[in-house]
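One structure is given below, encoded as structure tokens.
As the structure lists them, so they are numbered: ligands from 1, and atoms in each ligand from 1.
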Amino acid sequence: MRLFSIYKVSLFILCIAAVPVFAQKQTKAQYINSLMAKMTLQEKLGQLNLIIPGDGSVTGTVVSNDVEGKIKKGLVGGMFGIAGLEKIKKVQEMAVRASRLHIPMLFGSDIIHGYKTAFPIPLALSASWDMPLIQKSAQMAALEATADGLNWTFSPMVDIARDPRWGRVAEGAGEDPFLGSAVAKAMVIGYQGGAGNANLATGNSLLSCVKHFALYGAPEAGRDYNTVDMSKLKMYNDYFPPYKAAVEAGAGSVMSSFNDIDGVPASGNKWLLTNVLRNQWGFKGFVVSDYTSITEMINHGMGDTAAVSALSLNAGLDMDMVSEGFLNTLPTSLQAGKVSMTAIDAACKRILEAKYDLGLFEDPFKYCKSARASEVLSADKRAFAKEAAMHSFVLLKNDNQVLPLKSNQKIALIGPLANDRSNMPGTWSINADAKQAVAVLEGFNNRPGIGSKVLYAKGANISDDPVFAAKINVFGEKISIDTRSAQELLAEALSVAAASDVIVAVVGEASEMSGEAASRTSLDIPASQQKLIEALSKTGKPLVLVLMNGRPLTISKETKLATAILDVWHAGTEAGNAVASVLYGDYNPSGKLTMSFPRNVGQVPIYYSIRNTGRPNGGDVFGKYKSNYLDVENSPLFPFGFGLSYTSFSYSKPMLSANSIRANTSLTASVILTNTGNFDGEEVVQLYIKDEVGSITRPLKELKGFQKIFLKKGESKTVSFTIDEKMLRFYNADLKHVSEKGTFQLFIGTSSATENSVSFQLQ
Ligand code: BGC
């Protein structure tokens with residue numbers, strides 16, 4: 001025992017000596033320069049090496065070997081896929097005590113929508129249109145994750161996405177660059193404790209990583225990792241803005257994407273990573289590759305490991321995630337003159353700077369404070385998870401004001417997702433424990449006086465197809481195929497329905513039906529559940545669909561059959577409590593879609609800010625030789641910005657303080673918004689602008705502002721927006737950010753389909 005304490009004391013002294021002394025008087029540059037002066041080439045390359053030990057989530061086929069040996073030799077800059085404070089602490093100890101220069105490591109993770117407490121999936125959070133709430137979600141996630149050893153998150157994912165076949169639409173903020181930019185900024189500020197890197201060293205903040213740079217959200221045919229081919233105009237006007245907004249907010253790192261851009265994969269694309277990111281946007285942080293995206297360039301046909309690693313470094317990529325091409329091939333490439341020491345130094349320096357900003361040189365164990373353990377899954381996180389979920393729900397239909405439910409009604413709670421915990425956290429919630437999640441049935445039972453009025457039946461499997469289920473269940477059972485037959489399940493559901501006043505059917509996608517490598521060519525609700533919905537609708541009882549989904553689904557038929565639809569996405573740990581609260585009217589839904597819902601998959605890609613053709617269609621009326629379909633209307637089933645409330649709102653015509661502006665003046669556009677219904681509620685007031693004539697074809701409408709307004713029933717309020725020249729700018733054919741004089745139409749309304757407009761001039 002005594003021996004042990006002596007050992008402990010001497011180890012402590014050794015440790016103090018081993019951790020690099022943080023000289024307060026030195027500037028950051030001096031500190032890093034003097035450290036780098038001591039580093040060998042291998043140690044520098046070690047900083048560029050991000051590894052995964054393979055005991056956490058793995059999204060590729062490769063994991064790292066001889067982890068311990070490499071750390072001790074100083075050959076590892078950071079690690080991810082390692083969970084839990086004690087483990088992280090051990091590894092950090094290894095790095096700062098056993099390696100020659102004692103450089104602390106970064107510990108990353110995909111903290112995408114919450115950490116152990118799962119918040120709604122990002123697409124859902126974006127539907128709240130509530131930037132303070134979104135910022136708080138990132139801040140809460142940072143508090144929880146830094147209390148558990150982590151200092152770096154691979155978030156926000158800000159890829160604009162207009163093709164719901166692509167499963168990763170669940171991880172982003174939808175189709176619009178203006179909204180996407182606002183969300184990107186809010187997330188970065190939330191994670192990093194403020195704009196820029198000033199608050200990174202508090203110990204409560206995470207270094208953010210904007211991904212996937214760039215254009216990852218536009219793969220051909222919606223198939224994950226597929227080729228992207230896009231005009232520069234579309235990149236600059238539609239797809240780049242959220243990345244740029246995140247960089248301007250001070251994001252400390254950027255992740256390169258898997259796809260190619262103009263024929264060169266993003267991870268080796270110098271135009272993208274240096275010209276655009278660093279030279280045009282002034283990015284000062286470091287760029288990390290996506291999972292083995294450097295060596296995946298071999299498959300893209302860019303050469304062998306040595307060639308692709310050199311290509312990446314020379315393009316401006318600093319850190320190699322998992323593939324270890326940098327570590328293994330750059331020494332030879334350096335000798336052969338294929339890469340320079342200047343490039344290696346620049347990359348190493350950027351990573352050390354991030355570590356410095358996080359305060360890791362000052363205290364490598366800043367994020368390993370066991371005293372903070374109670375912050376994980378704490379009551380305040382759960383309360384916030386419920387609040388965030390309620391704010392993200394979108395009411396798509398509510399005939400006869402069937403919602404909110406009345407507390408005296410008998411409810412048939414039916415559906416494969418009605419009594420399910422495992423799907424509640426949603427895709428990319430690798431750190432969340434689904435057992436902690438609240439199922440919808442539990443949410444109902446948690447309400448005093450309601451449990452006895454609820455009858456439950458599963459009704460159907462999420463899918464009856466075992467081959468499909470196996471693809472979804474790779475990381476755990478999300479689709480469980482019942483031992484009872486489909487007929488038995490349905491019969492039980494119908495008898496439960498017969499004994500109740502209202503049917504609430506919880507249906508949709510399993511969480512892993514969206515997310516990474518979860519592309520679909522059908523956006524339908526699986527057949528097993530369609531049959532259930534059809535049968536339930538035939539009972540003639542009011543049918544409320546609670547839709548769970550990670551992406552827009554094609555629900556034309558179900559929309560006709562249902563009396564009401566509440567889209568609750570995958571709502572996180574508190575899903576069940578939030579669903580019950582909203583269905584019973586504790587909170588009046590205020591979410592609005594951030595991706596258009598197509599009528600059928602053939603309309604995809606579908607988004608509101610389209611440019612006109614020379615042969616515009618006449619709305620949904622078919623016209624020969626017009627730009628329309630023979631077999632479906634042109635409009636989406638539900639447009640971007642759409643969402644109902646238990647109350648109703650009316651808009652006055654927009655009023656302008658002046659009919660024109662100049663480069664240095666502004667005008668005010670306002671509407672009177674009135675709550676005309678029977679409930680207090682919030683409305684997202686949306687401002688769109690159309691540039692009537694341009695030097696390039698311009699979108700029919702572009703979101704330029706929004707405000708979330710609370711009004712008591714009967715109350716009115718004037719809602720105003722300032723219009724200036726800057727918000728009329730776009731990238732022209734020379735990629736110059738300009739405005740052009742002329743007439744603009746301005747719309748203020750409840751969704752992107754609004755026609756409530758006036759005109760003004762830019763002189
Ligand atoms: C994903 C990234 C993620 C990374 C690390 C990749 O497969 O594309 O979004 O951050 O894995 O988990």
Side-chain contact, heavy-atom cut-off 4.5 Å: P219 with T227?
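Result no, sub-4.5 Å side-chain heavy-atom pair not found.
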Heteroatom distance test ([X], ligand 1): nitrogen or oxygen, under 3.5 angstrom:
X: Y216; value: no
X: E171; value: no
X: R168; value: yes

Over 60° means perpendicular and under 30° means parallel, so classify the ring planes of F640 and W129, tilted if in between.
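Geometry flag for F640 against W129: tilted rings.
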Which atoms of ligand 1 are found less than 4.0 Å from any heavy atom of [X]?
X: E516; answer: 1 (C), 6 (C), 7 (O), 8 (O)
X: H212; answer: 2 (C), 8 (O), 9 (O)
X: K211; answer: 2 (C), 3 (C), 9 (O), 10 (O)
X: F80; answer: 5 (C), 12 (O)
X: D290; answer: 1 (C), 2 (C), 3 (C), 4 (C), 6 (C), 7 (O), 8 (O), 11 (O)

Can you tell which part of W428 has a heavy atom less than 4.0 Å from ligand 1: side chain, backbone, both or neither?
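W428 to ligand 1: side-chain contact only, backbone stays beyond 4.0 Å.
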For ligand 1, the portion of M157 having any non-hydrogen atom under 4.0 Å away
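For M157, there is no contact with ligand 1 at all, from either part.
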Atom pair CG (L207) and OG (S155), whose distance is rounded to the nearest 0.5 Å
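Between atom CG of L207 and atom OG of S155 there are 11.5 Å.
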For S267 and S256, test the side chains for any donor-to-acceptor distance below 3.5 angstrom and give the result as yes or no.
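S267 vs S256: donor-acceptor pair found between side chains.
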Going by atom types only, do D320 and N49 share a side-chain donor-acceptor pair under 3.5 Å?
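No, because no side-chain N or O of D320 sits under 3.5 Å from a partner of the opposite role on N49.
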Considering the options R278, K44, K349, which one meets the salt bridge (charged side-chain N to carboxylate O under 4.0 Å, His left out) requirement together with D318?
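Looking at R278, K44, K349, the match for D318 under the salt bridge (charged side-chain N to carboxylate O under 4.0 Å, His left out) is R278.
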Are E171 and R168 within salt-bridge range, i.e. N to O under 4.0 Å?
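A salt bridge links E171 with R168.
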